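See structure below.
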Amino acid sequence: MLAITNLSFSFQHRRLFDRLSLTANSGELIHISGPNGVGKSTFMAVVAGLLAPASGDIEYRIGHQSVPDRRAYLEYLPAEANGLYTKMDATQNLLFWAHLRGVPLSREAAFAALDPWNLNHPLLRDGFPVEKFSTGMKRRLALARLDLSPVPGWLLDEPLYGLDADAMRVFRQRLETHLRKGGFALLISHDLAPLNGLITRTINLSRGVKHDG
Amino acid sequence: MFSVEDKREFYAGALLQFLVLAHWLGAFYYAPVDIHQGQVYRIMFLHVPCAITAFASSLGLCIFSIIGLRQRSESVMAWAKATAEVGLLFTILTLATGSIWGRPTWGTWWTWDARLTTTFLLALLYAGYLLLHASMPAGPGRVRVCAVLGILIFADVPVIYKSVTWWRTLHQPPSIIREGGSTMDPEILWTIVVGIVIMCLYSSWMVRVRGRNILLTGQLEAASFEQLNG
Amino acid sequence: MMANAWQQYRALVSQGVRAELADLERLVSPVLFAITLLLLFAFAMGDVDDSLRIRVYLAETMLTALFALQVSFARLFEPDRQDRVFDLLRTYPVSHTALFLAKYSLILILGTATMIPTLVFGAFLNQTANQHLFSWSVVGISLLALAGLGALGVLLSAMTLKANARQILYPLLYFPLTAPVLLAAVQSSRLCLDGGRAASDIKAWLGLLLGFDCIYVTLGILLFTELVDES
């Protein structure tokens with residue numbers, strides 16, 4: 001489980017969030033809400049390990065034991081980018097990120113992972129650089145990478161951005177499977193309709209001192 | 001209007017300024033005339049302390065950088081930046097006085113001497129440091145990057161010095177500069193040593209004033225942000 | 001799930017090589033730049049006396065190589081800067097040493113691909129009927145120089161990743177810091193090509209190059225982690 005205790009962060013003298021505590025248990029989908037500019041994306045980046053908090057702790061615990069590197073249990077999807085090598089094709093991107101985590105992945109398995117996202121077409125998956133993809137296709141590929149990763153924690157920053165109705169359905173279904181298998185996710189999204197009924201908790205960042213629940 | 005600290009700083013500065021002037025008087029009247037170079041050698045009493053301060057600043061920069069990296073502290077890096085600025089100033093002074101000294105003694109404003117070349121590169125490195133600092137947004141990222149450069153600069157200076165010395169000594173023995181050694185008059189030696197001490201103190205005072213200035217600017221910015229956010 | 005450092009290193013290097021091959025212009029442009037520079041140098045120099053030939057060749061070629069390497073080094077992180085790949089890398093449990101060594105290996109590959117054609121073409125342009133300038137010992141010296149330059153290149157690339165004026169800052173920091181390498185490489189190569197000169201002089205210059213390499217590879221491993229850690 002992911003345990004965040006008394007997390008504070010300030011950017012250029014501006015306090016974005018103050019003593020925020022939150023625990024994410026397996027099976028939970030926690031929606032991080034709040035108006036624009038309140039620091040939702042920054043919060044995700046801090047949890048993902050990109051930015052150092054001003055104070056507070058973020059731990060990933062197995063039982064009561066805190067793991068040395070929480071990044072081994074978290075997968076981050078940024079809002080305005082997908083983290084894809086734009087000159088490489090879809091399969092190479094999937095293989096690289098999987099190998100970097102130490103997941104042995106064959107080309108066939110990568111094709112299979114592209115399938116639900118409607119990217120498993122011989123002309124799309126191989127030798128077709130990602131930079132030529134549309135916005136929605138890139139997002140779908142990024143979600144395929146996320147789905148392929150065997151980590152329990154997903155940090156999703158606007159995952160639905162650019163997705164069409166079909167892809168949203170696929171995303172909902174994959175997310176449900178992930179949660180059912182014992183995973184958890186933190187989510188930022190301005191459009192919650194496609195995820196109706198999945199969200200277990202909402203944390204509003206705009207209210208002063210925040211506590212769990 | 002002025003805090004106790006401001007006043008203390010002001011008096012310390014005035015005292016140091018006075019010491020610098022006194023040292024210059026000593027350089028002109030106490031130290032004897034050089035047999036080879038005549039009066040012109042007296043610029044050495046400004047040149048050598050400046051040079052030593054310029055190189056000592058790179059040590060200061062490195063120390064502040066290491067502490068800044070260890071403590072992840074932006075305030076320590078304000079001191080580092082102040083050190084780089086003072087270092088650049090003294091490096092330029094060293095180059096200027098060296099050139100002025102070189103004209104009558106060597107007959108040229110510039111020669112490819114080891115010390116000159118190294119000093120020149122040091123000036124470029126300080127300038128690069130300040131540019132890098134200016135081109136990054138404030139924050140922990142800048143602390144890291146600038147600290148790394150501070151350490152790199154200090155690591156590189158001995159290598160540059162070594163290489164340039166070899167470059168010269170290997171195919172043309174350095175015959176132009178006749179510096180230091182046991183042949184020096186004790187009066188001259190003393191004047192120079194005192195000059196170095198005073199210049200080092202003076203530059204530390206400058207670093208202190210400038211560092212506090214940078215920190216205050218940051219605080220002022222923070223205060224105005226607080227006002228803005230209510 | 002966490003890969004060990006060796007697996008990560010392999011994944012990063014093979015990805016880096018693939019990214020370069022996918023974008024061949026990137027690989028070729030420093031070489032073209034070097035060839036253009038060499039031609040310009042030859043024009044500017046005009047006809048040179050044979051006794052100066054070796055000097056001119058080394059000065060032109062080494063300087064050109066230094067420029068071309070800067071062009072190639074400055075773009076080291078370019079594939080990772082697109083689409084925030086580098087940030088995503090930082091959210092993966094990647095060993096910083098593995099990341100440094102992977103980038104360092106990549107820079108050595110890119111550097112060799114730039115260095116060798118520059119040396120060959122420089123020798124080709126400067127050769128005369130009775131003087132063949134290409135020499136394997138010069139290649140060896142250049143590769144020794146590259147080992148140190150590469151470590152510095154990785155550090156500077158990571159440092160200027162977030163700076164606004166990256167284009168101009170990189171050369172401003174790179175050239176003064178690498179002045180000793182240029183000197184040592186030119187001097188030791190000259191002693192090699194001249195032949196019959198004191199071996200101890202060559203040794204001194206090679207020692208300097210080796211010292212530079214050691215300092216920068218060590219500093220690279222130590223400091224790189226500070227540059228990619230959460231900030």
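Every heavy atom of this structure was used, including side-chain atoms; hydrogens, water molecules and symmetry mates were not. The structure presented is a predicted model; accordingly, all values stated were derived computationally and were not measured. Numbered from 1 within each chain, the chains take letters A, B, ... in sequence-line order.
- With a 4.5 Å cut-off on non-hydrogen atoms, Y129(B) touches chain C through its backbone but not through its side chain.
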- Task: For the pair R72(B) and D229(C), evaluate side chain to side chain contact (heavy atoms under 4.5 Å, CB included) and give the outcome as yes or no after the intermediate values.
- Result: CA-CA 12 Å; R72(B) 306 277 146 96; D229(C) 211 6; 4.2 Å; yes

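- Judged by distance alone, the side chain of R144(B) and the main-chain N or O of E226(C) form a donor-acceptor pair under 3.5 Å.
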Could you pull out every donor-acceptor pair under 3.5 Å between side chains of residues 178-186 of chain C and any protein atom, sequence neighbours left out?
from, atom 1, to, atom 2, distance (Å)
T178(C), OG1, Y174(C), O, 2.8
T178(C), OG1, F175(C), O, 3.2

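- Scanning residues 206-220 of chain C against chain B with a 4.5 Å non-hydrogen threshold yields L208(C), F212(C), I215(C), Y216(C), L219(C), sorted by number.
- Residue contact with chain B, scored on non-hydrogen atoms closer than 4.5 Å, is absent for L222(C).
- For chain C, the option among I153(B), I151(B), L125(B) with the highest count of heavy-atom pairs below 4.5 Å is L125(B).
- Remark: W24(B) CH2 is loosely packed, at most 12 non-hydrogen atoms of other residues, nucleotides or ligands lying under 6.0 Å away.
- For F120(B), the CZ atom is loosely surrounded, since the number of other residues' heavy atoms within 6.0 Å does not exceed 12.
- In this structure, chain C has heavy atoms under 4.5 Å from both the backbone and the side chain of L152(B).
- Across every non-hydrogen atom of M136(B) and K162(C), the tightest pair is CE-CB, 4.1 Å.
- For the atom pair CE of M159(C) and CG of L149(B), the computed distance is 4.0 Å after rounding to the nearest 0.5 Å.
- Here the closest heavy-atom approach between residue P176(C) and residue D156(B) is recorded as O-OD2, 3.8 Å.
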Please tabulate, for the side chains in residues 133-150 of chain C, all donor-acceptor contacts under 3.5 angstrom to protein atoms that are two or more places apart in sequence or on a different chain.
from, atom 1, to, atom 2, distance (Å)
S135(C), OG, S137(C), N, 3.2
S135(C), OG, S137(C), OG, 2.8
S135(C), OG, V138(C), N, 3.3
S142(C), OG, V138(C), O, 2.7

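- K81(B) NZ: more than 12 foreign heavy atoms inside a 6.0 Å radius.
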- Message: side chain to side chain contact (heavy atoms under 4.5 Å, CB included) for V145(B) and L161(C)? Distances and angles first, verdict last.
- Response: CA-CA 10 Å; V145(B) 168; L161(C) 209 56; over 6 Å; no

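- Annotation: maximal heavy-atom pairing with chain C below 4.5 Å, among L121(B), I160(B), V148(B), occurs at V148(B).
- Rounding to the nearest 0.5 Å places CG of L223(C) at 7.0 Å from CG of L69(B).
- Of all the listed residues (L172(C), T160(C), L227(C)), the one sharing the greatest number of non-hydrogen pairs under 4.5 Å with chain B is L227(C).
- Residue pairs meeting the side chain to side chain donor-acceptor pair (under 3.5 Å) criterion with at least one member in residues 87-98 of chain B, sequence neighbours excluded: H47(B)-T97(B).
- Interface residue L177(C): backbone and side-chain heavy atoms are both found under 4.5 Å from chain B.
- In this structure, chain C has no heavy atom under 4.5 Å from any part of R142(B).
- Looking at every heavy atom in both residues, L169(C) comes nearest to S135(B) through CD1-OG, 3.0 Å.
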